[in-house]
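Bear in mind that the values here come from a model prediction, so they are computed numbers and not experimental data. Side chains included, hydrogens not; waters and symmetry mates left out as well; all remaining heavy atoms used.
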Amino acid sequence: MPEAANLRRWLHSWASRAWQQVGQQEQAAWLLRPAGRELPQLRHFSSRPRGPQDLYNSVNKKVTDQGWYILATAVGMVGLTYAAVPLYRMFCQATGYGGTVQEGKAVEDKIRRREENPDEEMERAAAAREVTVYFNSDVAGEAFDGMPWRFKPTQRSVKLHPGQSTLAFYTAHNRSDKAITGVSTYNVAPQQAGQYFNKIQCFCFEEQKLRPGERIDMPVFFYIDPEFATDPKMKGINTITLSYTFFKVEEEEWEEEHPAAAGAAAAVLPAAATAGQ
């Protein structure tokens with residue numbers, strides 16, 4: 001086989017030329033290298049065929065790792081669910097996102113500064129500007145058995161002038177036979193009006209617990225800055241919508257939650273019947 005012989009001679013000559021091109025220091029370093037340096041790298045490879053136990057261990061490790069990933073994701077999602085409302089509140093109040101009212105300064109401080117340093121031009125503009133505030137309400141998941149509350153504004157709208165404090169009410173009614181705890185979020189539309197809308201008293205971001213069939217009126221006390229009337233960006237904006245949305249936090253059996261009250265009521269009824277006789 002002359003072809004194979006020719007190939008061996010060519011490879012031998014090529015290797016000789018390559019070795020001669022390497023410097024003497026590199027040749028000495030390669031020849032004097034510590035013995036066994038390649039062994040640790042070769043230990044990662046094995047010619048032993050993989051058996052059923054090896055395959056089982058590999059699959060079991062992958063399943064265990066995936067299980068931990070899924071568990072960590074579930075725990076993180078639960079944590080984000082509980083932290084969503086306070087995080088959303090802090091974010092919106094810091095940035096005014098979505099028309100949420102910013103509360104960096106107290107309304108009392110604004111009113112005091114306005115009284116101490118009145119701006120006649122701004123006061124005239126505020127007195128001449130009339131704004132209508134509409135009230136909107138929603139209950140999350142109401143159509144899908146989410147929260148069995150009836151939540152409505154007591155009044156449809158109010159008319160006011162910038163610089164005036166205004167009181168409004170919302171009514172919530174628990175139509176279920178269980179104690180329901182809910183929490184509300186709110187926003188102002190249009191969004192650019194949120195920077196001038198100040199909340200003095202409100203039921204938002206606070207848990208409200210209603211017993212079965214209970215109905216309550218919840219106040220909303222707010223104030224619109226008089227600067228609203230002189231801001232060119234607010235020109236043409238004469239209506240503002242204040243919206244609230246209630247979310248269900250938890251649902252409890254009323255009898256199980258108050259066994260002492262139920263027992264006391266059961267004891268009073270026989271006593272009242274005996275007294276009547």
*Looking only at heavy atoms, what is the nearest atom pair of Arg211 and Glu214, with distance?*
N-OE1, 2.8 Å
*Which atom names give the shortest non-hydrogen contact between Ala229 and Pro162, and what distance separates them?*
CB-CG, 4.3 Å
Any [X] side-chain heavy atom under 4.5 Å of [Y] side chain:
X: Val158; Y: Phe135; value: yes
X: Phe247; Y: Thr185; value: yes
X: Gln164; Y: Ile224; value: no
X: Met218; Y: Ser184; value: no
X: Val131; Y: Lys159; value: no
X: Ile180; Y: Asn174; value: yes
X: Ser165; Y: Ile200; value: yes
X: Trp149; Y: Lys248; value: no

Once side chain to side chain contact (heavy atoms under 4.5 Å, CB included) is applied, do any residues pair with [X], and if so which ones, sequence neighbours excluded?
X: Pro219; answer: Leu167, Phe169, Gln201
X: Glu121; answer: Asp119, Arg124
X: Leu71; answer: Trp68, Val75
X: Thr181; answer: Glu207, Lys209, Val249, Glu250

*I would like to know whether Thr171 and Asp217 meet side chain to side chain donor-acceptor pair (under 3.5 Å); could you show each step before the answer?*
CA-CA 5 Å; Thr171 300; Asp217 292 329; 2.7 Å; yes
Quick one: pull up [atom1] in [X] and [atom2] in [Y] and give me the separation to the nearest 0.5 Å.
X: Phe228; Y: Met122; atom1: CZ; atom2: CE; result: 13.5 Å
X: Leu210; Y: Ser176; atom1: CG; atom2: OG; result: 9.0 Å
X: Arg175; Y: Met147; atom1: CZ; atom2: CE; result: 11.0 Å

*Going through the checks in order, is the side-chain contact (heavy atoms from CB on, under 4.5 Å) test met by Lys152 and His173?*
CA-CA 9 Å; Lys152 297 294 181 182; His173 177 211; over 6 Å; no
*Please assess Phe203 against Tyr244 for the test ring pair (Phe, Tyr, Trp, His ring centres under 6.0 Å), listing each intermediate value before the final yes or no.*
CA-CA 10 Å; Phe203 53 86; Tyr244 284 87; 4.7 Å; yes
*asked:* Going by the rule side chain to side chain donor-acceptor pair (under 3.5 Å), which residues pair with Tyr170 if we only count those two or more places apart in sequence or in a different chain?
replied: none
*side chain to side chain donor-acceptor pair (under 3.5 Å): pairs with one or both residues in residues 224-239, sequence neighbours excluded*: Lys110-Asp225, Arg129-Asn238, Tyr196-Asp231, Asn198-Asp225
*Going through the checks in order, is the side-chain contact (heavy atoms from CB on, under 4.5 Å) test met by Val139 and Thr245?*
CA-CA 5 Å; Val139 176; Thr245 302; over 6 Å; no
_Determine whether Lys199 and Phe221 satisfy the following criterion, side-chain contact (heavy atoms from CB on, under 4.5 Å), listing intermediate values before the conclusion._
CA-CA 6 Å; Lys199 175 175 62 69; Phe221 196 29; over 6 Å; no
*If the plane angle is over 60° it's perpendicular, under 30° parallel, otherwise tilted; pick one for Phe222 and Phe197.*
parallel
*Is there a donor-acceptor pair under 3.5 Å between the side chain of Gln191 and the backbone N or O of Val188?*
no
*Determine whether more than 12 heavy atoms belonging to other residues, nucleotides or ligands lie under 6.0 Å from atom OH of Tyr134.*
no
*When you look at Leu242 and Asn136, which way does the side-chain contact (heavy atoms from CB on, under 4.5 Å) test go after all the steps?*
CA-CA 6 Å; Leu242 177 62; Asn136 182 55; over 6 Å; no
